[in-house]
Visitor: 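Quick one: the structure is below, questions incoming.
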Amino acid sequence: MNLERFLNPEQYEAVMETEGPLLILAGAGSGKTRVITYRIAHMIDIGISPYNILAITFTNKAAEEMRKRVDDIVGFGADSIWVSTFHSTCARILRRHIDLLGYNSDFSIYDTDDSKKVMNDLLKKHGLNPKEYPPKMILSTISSNKNEMVTPEEYESFAKEDYEKKVSFLYREYEKVLFDNNALDFDDLLLLTVELFKKNKDVLENYRNRFKYILVDEYQDTNSVQFAFVKLLADKYKNLCVVGDDDQSIYRFRGANIRNILDFEKNYPTAKVVKLEQNYRSTENILNAANAVIAHNIGRKEKTLWSARGDGSKIHFRQFSSSKEEAMFVADDIYTKVRRRDALRNDIAVLYRTNQQSRELEEAMLRENIPYTIVGGTNFYSRREIKDILAYLKTIANGNDNLNVERIVNVPKRGIGETSLGKARMYAENNEISLFEALLHADRIPSIGKAADKMRDFASDIILFRERIAEGEFDEIPEIISELIDKIKYEDYIKENEDKDDANDRLANIDELISKAAYFEEKYAQENPEAEKGPTLQEFLNDVSLVADIDNADTSLDRILMMTLHSAKGLEFSHVYIVGMEDGLFPGERSITSYNSEDIEEERRLAYVGITRAKDDLTLTAAQSRMARGQWQNYPISRFVREIPSELLDSDTKFKKSTAEEIPMQKSKYAPTGVYGGYLRNSSSGTSNTIPGGVPYASTGLLSKGKPKATAKVNITPKTDSSDSKVETNYKTATVQAKAKPLGFTKGSDLKGSINYKVGDRVRHIKFGEGIVKEIDDSGVNTYVKIEFDQYGQRILDSRFTKLTVI
DNA sequence: AACCTTGGTGTTTTT
DNA sequence: CACCAAGGTT
């Protein structure tokens, strides 16, 4: 391969140094991905076996992309490189060897919600007041301990105050519950792998010999336990290449230790260092702005990023009176750009500090009819119906997992109530068996009555599935899911308990889960070409537990992307908007008042990451007031905007002197048309709400169609709220009690137009095969497509998720 | 046992 | 404001 043609001298050096420790300091946009992929390709080219390479990436998406790119260059062998994230790598290792640590290889992986549930139960059990011992805080202490590899015993010996002693007690108890449930939380995946290696030298030796060459991307965001993991593996051959940029370290809150990258040369004295300082991504104006901002941080590795792309346009800054105005501006600006063909939709991103900011932006995009995808927020996998089905699958895989058993034992309702369940719990505890075991032998539970039969039926259904899977009766995971849903009559349950739209929504989500399983099978077959069997249920559940929000974002669609600054790491867009540039929001209140200067510096690094996502055009916006915590907050313009030299800025507001008061407000040109406003609660809470500014959403089509479930009480009174006083419309405030659709539908809400099939078309679906489009229903919030499949019969699919190809 | 209402409370960012 | 948990009602 003649690589010098494709690489600059520094990149070339980084590619060629295959032996020994190497630190690549890769500034933003400096062609890092290019270097990594060429490096791996080169290694294979000079005869290093792909089998001996381990590459750790930050997201699964990045892993997939890297594999694809290497494949494009070398054309073979890329599939036997082990490319994945820290968490997935560790999960995979643990599935093989965790029995050495006393766990069972069918362990469940608990997400944050699960951990919270465990902690709440513990507090209740020990009569501790959640106000005195906030579960969130305790869990975060536990998490930090795990990331620093501090055991409950060690923490106990540090603990001086009563509070700390209680926390150490809870830490110990929490670990016990997880162990008893045969469950691991995210931190355990890393921690236990390190423990495994330390305790079992032969296992470690095995992996050391396998992974002779190790590459870690985004090294600035590794934490102590990840460092330990890498060090253990790399210590024999020391062919460790780490790539990172200390200026882009943004995960301190989850234990990332910036010293890992700053001290790399100390830890590996023979290390070579290569600096990549030419930025190929951004215009000079954008890069200079980023450099100016980050220069305010102290204690960084000195580097000067430069670009040869020319000045480009200036950085736009606008301040608005409210966050609503801000959102409308962004939507309007995007609309104009796309219409004038200045930008393609999938080359535009809107970035924000907190997920809740996505709400108003979403409304604005809907109003301007701009197709968008929101990354993150309410995760697909945290939807009720998905969690239910997954809880079944997890129970089938791991019967010791009491948490998941509790979730589904009476869902769908099968007449097992709280009272009888309490007795089963008691019985399980007294006999030191799992809850599932107790249910299976429910007839032995004293004074339990009729519920015993129901319990036994439930447990034996689960066992039947387990046995049939073990005997290889199912060819593919989607079949397990489909049959499970039939068996427990989940569809009927949904249809009985929800109105038509909601039921459709949930059923479509379940179909989407089946599609995901089918996609997983496909991916697995590609990555394991020699495998005779498909992936196991555990492997699928693994994958599901460890997906990042960004992993699911399909960047090829003709939609703009909206996400947090954190999620945007590693991505690039031609046009970038960063909204909410306000002191108090970004940087956040806490980092401003914190006396630890690290906090504000991390926010600044986040700003740096955000700015450097932009290739050609960057727009920063701020609002003078926005609603937060139920109150209007008035924030001044972010210091990060003020740190950008004024000659780089295009702004019709003069704010160099840097206080918000001096800035004239933008006049609104977005007079509302009478349909505007806040959110209705969904039915489960059912209380009345004030809709600031107008008729409830029903008339915008955002509410689920059809009549409200509860009686709608709509009192319209003149609006007196001052927030919209600039807008000359006849505003009303409405108090309604209604069955409403929460606006939080994310993951790429669709807008009409991006569907490329019509009634009568013959289409192909990844799992259900071929079929004919019978009906396209876009009367409600989302568009549903009814399809008659040749093999699977009629199904209703949600167009937001379903990818159908017209044949 | 299931549904509805009320009240209390919390504040980034994510695997 | 929005979420969640506890208590009250059918």
Visitor: Rounding to a whole Å, what distance do you find between A:Ile600:CD1 and B:dT13:P?
Guide: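 Result: 17 Å.
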Visitor: Could you work out, with side-chain hydrogen bond (donor to acceptor under 3.5 Å, both in side chains) as the rule, every residue matching A:Arg626, not counting sequence neighbours?
Guide: A:Glu326, A:Glu582
Visitor: With distance as the sole criterion, do the side chain of A:Arg353 and the base of B:dT13 form a donor-acceptor contact below 3.5 Å?
Guide: yes
Visitor: Suppose we screen for side-chain hydrogen bond (donor to acceptor under 3.5 Å, both in side chains). Which residues come up paired with A:Glu64, at least two apart in sequence or across chains?
Guide: A:Tyr519
Visitor: For A:Arg92, check side-chain hydrogen bond (donor to acceptor under 3.5 Å, both in side chains) against everything at least two apart and list the hits.
Guide: none
Visitor: Relative to the 5' end of DNA chain B, which residue comes earlier, A:Glu602 or A:Arg414, by the nucleotide with the nearest heavy atom?
Guide: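 This one resolves to A:Arg414.
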Visitor: Side chain of A:Phe253: nearest nucleotide among B:dT15, B:dT13, C:dC3?
Guide: B:dT13
Visitor: Check whether any side-chain nitrogen or oxygen of A:Arg590 sits under 4.0 Å from OP1 or OP2 of B:dT12, and answer yes or no.
Guide: yes
Visitor: Suppose you measure atom P in C:dC4 against the same atom in B:dT13; what distance do you get, rounded to whole Å?
Guide: 14 Å
Visitor: Step through it carefully: locate the ring centre of A:Phe58, locate the ring centre of A:Tyr251, and say whether they are under 6.0 Å apart.
Guide: yes
Visitor: In whole Å, what is the span from the OH atom of A:Tyr608 to the P atom of B:dT13?
Guide: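 After rounding, the gap between these two atoms is 24 Å.
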Visitor: Just how far, in rounded Å, is C1' of C:dC4 from CZ of A:Arg384?
Guide: 15 Å
Visitor: Side chain of A:Lys413, heavy atoms from C-beta onward: which of C:dC1, C:dC3, B:dC3 has the nearest atom to it?
Guide: B:dC3
Visitor: Just how far, in rounded Å, is C1' of B:dT15 from CD1 of A:Ile56?
Guide: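 These atoms are roughly 13 Å apart.
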Visitor: When the distance from OH of A:Tyr251 to C1' of B:dT12 is rounded to whole Å, what number comes out?
Guide: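 After rounding, the gap between these two atoms is 12 Å.
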Visitor: Without hydrogens or angle criteria, can the side chains of A:Tyr171 and A:Asn145 be said to hold a donor-acceptor pair below 3.5 Å?
Guide: no
Visitor: With a 4.0 Å cut-off on heavy atoms, is A:Phe58 in touch with a base, just the backbone sugar-phosphate, or nothing at all?
Guide: nothing
Visitor: Whole angstroms only, please: what is the NZ-P distance between A:Lys136 and B:dG8?
Guide: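 Answer to the nearest Å: 20 Å.
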Visitor: Hey, does the side chain of A:Ser567 come within less than 4.0 Å of B:dT14's phosphate (OP1/OP2), counting only N and O?
Guide: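 So the side-chain polar atoms of A:Ser567 do come within 4.0 Å of the phosphate oxygens OP1 or OP2 of B:dT14, strictly under.
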Visitor: Taking for each residue the nucleotide of DNA chain B bearing the nearest heavy atom, is the 5' side occupied by A:Leu585 or by A:Leu546?
Guide: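 On the 5' side of the pair lies A:Leu585.
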Visitor: Counting only side-chain nitrogens and oxygens, does A:Thr564 get under 4.0 Å of the OP1 or OP2 atom of B:dT14?
Guide: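 True: A:Thr564 side-chain N/O within range (under 4.0 Å) of B:dT14 OP1/OP2.
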Visitor: Under 3.5 Å, which donor-acceptor pairs link side chains of residues 118-137 of chain A to any protein atom two or more places apart or in another chain?
Guide:
from, atom 1, to, atom 2, distance (Å)
A:Asn120, ND2, A:Lys116, O, 3.4
A:His126, ND1, A:Leu122, O, 3.1
A:Asn129, OD1, A:Lys131, N, 2.9

Visitor: Describe the nucleic acid contact of A:Gly588 in one word from base, sugar-phosphate, nothing, applying a heavy-atom distance below 4.0 Å.
Guide: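 The answer is nothing, as A:Gly588 stays clear of every strand by at least 4.0 Å.
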Visitor: Between P on B:dG10 and CD1 on A:Ile138, what's the gap in Å once rounded to a whole number?
Guide: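 To the nearest whole Å, that distance equals 13 Å.
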Visitor: Under 4.0 Å, counting only non-hydrogen atoms across every strand here, what does A:Thr112 touch: a base, just sugar-phosphate, or nothing?
Guide: base
Visitor: Under 4.0 Å, heavy atoms only, any strand: does A:Asn410 hit a base, just the sugar-phosphate, or nothing?
Guide: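 Result for A:Asn410 = sugar-phosphate.
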Visitor: Begin with the C-alpha distance, continue with both residues' side-chain angles, and end with the deciding distance and a verdict on side chain to side chain contact (heavy atoms under 4.5 Å, CB included) for A:Arg95 and A:Glu539.
Guide: CA-CA 9 Å; A:Arg95 288 276 179 222; A:Glu539 282 170 311; 6.0 Å; no
Visitor: What is the separation between atom CG on A:Leu94 and atom P on B:dT15, rounded to the nearest whole Å?
Guide: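 Going from A:Leu94 (CG) to B:dT15 (P), I get 19 Å.
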Visitor: Report yes if at least one side-chain N or O of A:Asn223 is closer than 4.0 Å to OP1 or OP2 of B:dT15; otherwise report no.
Guide: no
Visitor: Can you tell me if A:Asn355 touches the phosphate of B:dT12, counting only side-chain N or O atoms and a distance under 4.0 Å to OP1 or OP2?
Guide: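 Checking A:Asn355 against B:dT12: no side-chain N or O falls below 4.0 Å of OP1 or OP2.
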Visitor: Measuring from the side chain of A:Arg359 (C-beta onward, heavy atoms only), which nucleotide among C:dC3, B:dT13, B:dT14 has the closest atom?
Guide: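 Nearest to the side chain of A:Arg359 among the choices is C:dC3.
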Visitor: Can you list the residues that meet the side-chain hydrogen bond (donor to acceptor under 3.5 Å, both in side chains) rule with A:Thr112, with sequence neighbours excluded?
Guide: none
Visitor: Using a cut-off of strictly less than 4.0 Å between a heavy atom of the residue and any atom of DNA chain B, enumerate the qualifying residues of residues 115-131 of chain A by number.
Guide: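 Hits under 4.0 Å, by residue number: A:Lys131.
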Visitor: Quick one: does A:Lys454's side chain get under 4.5 Å of A:Ser420's, heavy atoms only?
Guide: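 The answer is no, as the side chains (C-beta and beyond) never meet within the 4.5 Å cut-off.
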